[in-house]
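Have a look at the structure below, then the notes.
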Amino acid sequence: MSSKKDTNWTLVPGSERDIASVRERCRQLVRRRAMVSAGVAAVPIPGLDVVSDLRLFAVLIDDINQEFGLSEQQIERLQPKFRLIAYEAAIGVGGMLVGKLVTREVVMQVLRKTGFKAVARQAGKLVPLAGQLASAGIGFFAFRQIGYQHVDACAKVAQELLAAGVHRPAEA
């Protein structure tokens, strides 16, 4: 057992204003990553965009969870009653990626929900230039939408924890 303590972790935002601030920062992060996804989708190499999206999305989900103090490790550091509230709130808002270790399989499940968009993107690549632009546009909007949904789910979980008193000192 290591005697070093990990002090590099973020707490759940402590006020409504903090939650709004983190939410906006995360939405900006989603937009930036969606632009990268769109840029890769414009490259006419079949399958490259899917591989890139898997990696970008997994890292994005981890980053968002970390910003809200809702990564798997951060939730495990909460008191048991707050851990339960966090997981119940995540289930209640449909945030299946809140507080979870994001694996390739989990990301594939989420991206399969937008399967029709992937088919349209691949089909669009068969038409030169216009197809590449359409593929990039569809990729941007799909990635952004999924990212925004996750940000909103994390914000709702953080609000539930705040309402439950996660930042109030424990009573003796």
query = Taking all atoms of both residues into account, what is the closest heavy-atom pair of Val157 and Ala86, and its distance?
reply = CG1-O, 3.8 Å
ask   = Is Leu84 reachable from Leu161 through a run of I, L, V, M, F, W or Y residues, each pair having side-chain heavy atoms under 4.5 Å apart?
value = no
note = Residues at least two apart in sequence or cross-chain that pass salt bridge (Lys or Arg N to Asp or Glu O under 4.0 Å) with Arg31, listed by chain then number, are Glu24
request  = Please collect all salt bridge (charged side-chain N to carboxylate O under 4.0 Å, His left out) contacts where either partner lies in residues 33-43, sequence neighbours excluded, each pair once.
outcome  = Arg33-Asp63
key: Under the salt bridge (Lys or Arg N to Asp or Glu O under 4.0 Å) test, residues paired with Arg23 that sit two or more places apart   = Asp152
key: Side-chain heavy atoms of Leu162 within contact of Val12, under 4.5 Å   = no
ask   = Any side-chain heavy atom of Ser37 within less than 4.5 Å of one from Phe140?
value = no
task = May I have all residue pairs that pass salt bridge (charged side-chain N to carboxylate O under 4.0 Å, His left out) and include part of residues 80-91, sequence neighbours excluded?
result = Glu76-Arg83
inquiry  = For a 4.5 angstrom cut-off between non-hydrogen side-chain atoms, does Phe143 reach Asp53?
reply    = yes
request  = Would you confirm whether Glu160, through its side chain, and Lys156, through its main-chain N or O, come within 3.5 Å as a donor-acceptor pair?
outcome  = no
key: Rounded distance (nearest 0.5 Å) linking atom CD1 of Ile146 with atom CD1 of Ile61   = 8.5 Å
task = For residues Phe68 and Cys26, report the shortest heavy-atom separation together with the two atoms involved.
result = CE1-SG, 3.8 Å
ask   = How far apart are the closest heavy atoms of Leu60 and Gly147, and which atoms are they?
value = CD2-CA, 4.3 Å
query = Are the side chains of Glu72 and Asn65 in touch, meaning some heavy atoms are under 4.5 Å apart?
reply = no
inquiry  = So Ile64 and Val30, do their side chains get closer than 4.5 Å, heavy atoms only?
reply    = yes
ask   = With Gln149, which residues qualify under side-chain contact (heavy atoms from CB on, under 4.5 Å), at least two apart?
value = Gln145
query = Phe82 and Ala164: which non-hydrogen atoms are nearest, and at how many Å?
reply = CE2-O, 3.5 Å
